[in-house]
2 protein chains.
Amino acid sequence: MTSSHTPSYPQDSIGVLVGLVRGEIVRKLEAEMQAAGIELRFTQFLILKRLALMGPMSASELARAVELDGGAMTRQLDQLEGKGLLRRLPHEQDRRALRIELTPAGDAMWQQMTPCNEHVLDAAQKALNPTEREQLRDYLVRVLDALRDMN
Amino acid sequence: MTSSHTPSYPQDSIGVLVGLVRGEIVRKLEAEMQAAGIELRFTQFLILKRLALMGPMSASELARAVELDGGAMTRQLDQLEGKGLLRRLPHEQDRRALRIELTPAGDAMWQQMTPCNEHVLDAAQKALNPTEREQLRDYLVRVLDALRDMN
DNA sequence: GAATAATATTTGTCAAGGCAAACATGTGTT
DNA sequence: AACACATGTTTGCCTTGACAAATATTATTC
């Protein structure tokens, strides 16, 4: 073959770059968790993180928050409930909905995952100083808003 | 429920932001293509783009370029070959490998897709001036390198 | 130069996610 | 109140992609 590894992105679009960064973050975070003895996929990490940081919410709110299909969310909740990490309770104001909340075991799991999350994010931003980190966040938010405004 | 849409990311990590941007790019590009009468998924777009810009290459080179599993690549090539967009030819130097190349129909398809691609990328960067676009690219490359160096 | 290891492609199997249908409940209109 | 319509959850179906095994060929080692 011509070359050996992945030295690409000399003139890749930001679309490609964003995809590569996203993929690398997912892989590294899953590797960190596995190394810590945590058997969870990236999606499940996102769900637990959301619940830990934002508190109980309905399944559909959770699905929108992590950009997951409603059906897929049902199955993820099945798994996480099966592992004892969260509970499905009836929603007080809406009898259609559920109140998804972390169990103590789920809280403890989040405590274990926190260092993995921070480790990956710190590594990702290692080559950026605080000003640059803030700029990157700002640019990403502006790109996201621009895309969502696209019609 | 509490709020209505997707006004999130006030304090989301760059990991979450990158994921949101990536998802939005995929959705918008697929919508653009569909509106142009092109029945292709994002992955197939990436494969054709790669072949159009970099010329013929082996299936495994292609798989590495678009970060796709080898088995998945085989099936994508089946589909794209079935649509007459590319050909599998024997590789001159390596009898294990294939030489994947676009057909004239594949070239024509790329010509049709180009405006979709540019439209989405322009929209994404609409709120960034040229200097900021260059900075964003630079930051993303540095983040990607930092993640890959992580051990 | 034979044996061993590495790589390219294909196929089978499985998990995950999107879409649509079904059903329950909530919201709004008249 | 009755109606239509929207939303929340679940389930079935299908596609996609990762992983592993099988086979063919190339590269490396002794």
Side-chain angles (χ1 to χ4, degrees), chain A residues 1-6 19-20 22-24 26-27 29-31 34 39-47 56-83 86-101, chain B residues 1-6 19 22-24 26-31 34 39-47 56-83 86-101:
Chain A
M1 296 304 98
T2 316
S3 59
S4 58
H5 265 287
T6 28
L20 293 176
R22 146 95 183 178
E24 207 62 40
V26 171
R27 273 188 294 274
L29 181 58
E30 290 190 342
Q34 189 147 24
E39 290 296 328
L40 291 177
R41 308 305 305 272
F42 184 72
T43 299
Q44 302 176 324
F45 161 81
L46 286 181
I47 293 171
M57 65 186 75
S58 78
S60 55
E61 283 177 307
L62 200 47
R64 281 190 294 270
V66 303
E67 301 228 294
L68 193 64
D69 173 78
M73 179 56 71
T74 292
R75 286 175 268 253
Q76 290 297 336
L77 294 179
D78 289 343
Q79 289 193 43
L80 294 170
E81 195 176 32
K83 292 181 191 225
L86 54 80
R87 264 190 291 262
R88 282 189 245 228
L89 300 175
H91 198 286
E92 277 94 357
Q93 289 88 26
D94 188 340
R95 277 188 303 168
R96 294 169 300 180
L98 301 169
R99 172 190 163 95
I100 312 294
E101 69 174 30
Chain B
M1 299 303 100
T2 315
S3 59
S4 57
H5 264 287
T6 27
R22 147 95 182 175
E24 207 62 41
V26 171
R27 274 189 294 275
K28 295 297 190 202
L29 182 58
E30 290 191 340
Q34 189 147 24
E39 290 296 328
L40 291 178
R41 308 303 305 273
F42 185 72
T43 299
Q44 302 176 323
F45 161 82
L46 287 181
I47 293 171
M57 66 188 74
S58 78
S60 55
E61 283 177 308
L62 200 46
R64 281 190 293 270
V66 303
E67 301 229 294
L68 193 64
D69 173 78
M73 179 56 72
T74 292
R75 285 176 265 255
Q76 290 296 337
L77 294 178
D78 290 343
Q79 288 192 42
L80 293 170
E81 194 176 33
K83 293 181 190 227
L86 54 81
R87 263 190 292 262
R88 281 188 246 229
L89 300 176
H91 198 287
E92 277 94 356
Q93 290 88 27
D94 188 339
R95 276 189 302 169
R96 293 170 298 181
L98 300 169
R99 172 190 164 94
I100 312 294
E101 69 174 29

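First the proteins, then the strands, lettered A, B, ... as listed; each starts at 1. None of the values given here were measured: they were computed from a predicted structure.
Of the side-chain N and O atoms in A:Gln79, none sit less than 4.0 angstrom from OP1 or OP2 of C:dA15. Proximity of B:Thr43 to the phosphate of D:dT16: no side-chain N or O atom is located under 4.0 Å from OP1 or OP2.
The pair B:Arg87-B:Glu81 does not count as a salt bridge, with every side-chain nitrogen at least 4.0 angstrom from each carboxylate oxygen. Using a cutoff of 4.0 Å between basic side-chain nitrogens and carboxylate oxygens, B:Arg64 and B:Glu61 are not scored as salt-bridged.
For A:His91 and D:dT10, the NE2 to P distance is 13 Å, given to the nearest whole Å. A:Leu62 has its CG atom 12 Å from the P atom of D:dT10, to the nearest Å. Atom CZ in A:Arg64 sits roughly 9 Å away from atom C1' in D:dG8 (whole-Å rounding). Across the protein-nucleic acid pair, B:Arg95 atom CZ and C:dT7 atom C1' stand 15 Å apart, rounded to whole Å. For the pair A:Leu77 CG and C:dA16 C1', the interatomic distance rounds to 14 Å; values are reported in whole Å. Protein atom CD of B:Gln44 is 12 Å distant from nucleotide atom P of D:dT15, rounded to whole Å. Rounded to a whole Å, the CE atom of A:Met73 is 15 Å from the P atom of D:dT11. Following rounding to the nearest Å, B:Asp78 (CG) and D:dG17 (P) show an atom-to-atom distance of 13 Å.
Ranking C:dT9, D:dT9, D:dT16 by closeness to the B:Gln76 side chain, first place goes to D:dT16. Taking every side-chain heavy atom of B:Leu68 into account, D:dA18 is the closest of C:dA16, D:dG8, D:dA18. The B:Asp69 side chain lies nearest to D:dC19 when the options are D:dC19, C:dA8, D:dG8. The listed nucleotides are D:dT25, C:dG18, C:dG26; the one nearest the side chain of B:Asp94 is D:dT25.
Contact check for A:Leu20 versus A:Glu24: no side-chain heavy atoms found under the 4.5 Å cut-off. At least one side-chain heavy atom of B:Leu40 sits less than 4.5 Å from a side-chain heavy atom of B:Leu80.
No contact: A:Glu30 has no heavy atom under 4.0 Å from any strand. Using a 4.0 Å heavy-atom cutoff across all strands shown, B:Arg88 reaches sugar-phosphate atoms only and no base atom.
Closest non-hydrogen pair, B:Arg22 versus A:Gly19, comes out as CD-CA, 3.8 Å.
With the nearest nucleotide of DNA chain D identified for both A:Ala59 and A:Arg41, A:Ala59 has the one nearer the 5' end.
In this model, a side-chain donor or acceptor of A:Arg96 finds a partner on the base of D:dT7 within 3.5 Å. Counting distance only, with no hydrogens placed and no angle test, the side-chain atoms of A:Arg75 and the base atoms of D:dG12 include a donor-acceptor pair under 3.5 Å.
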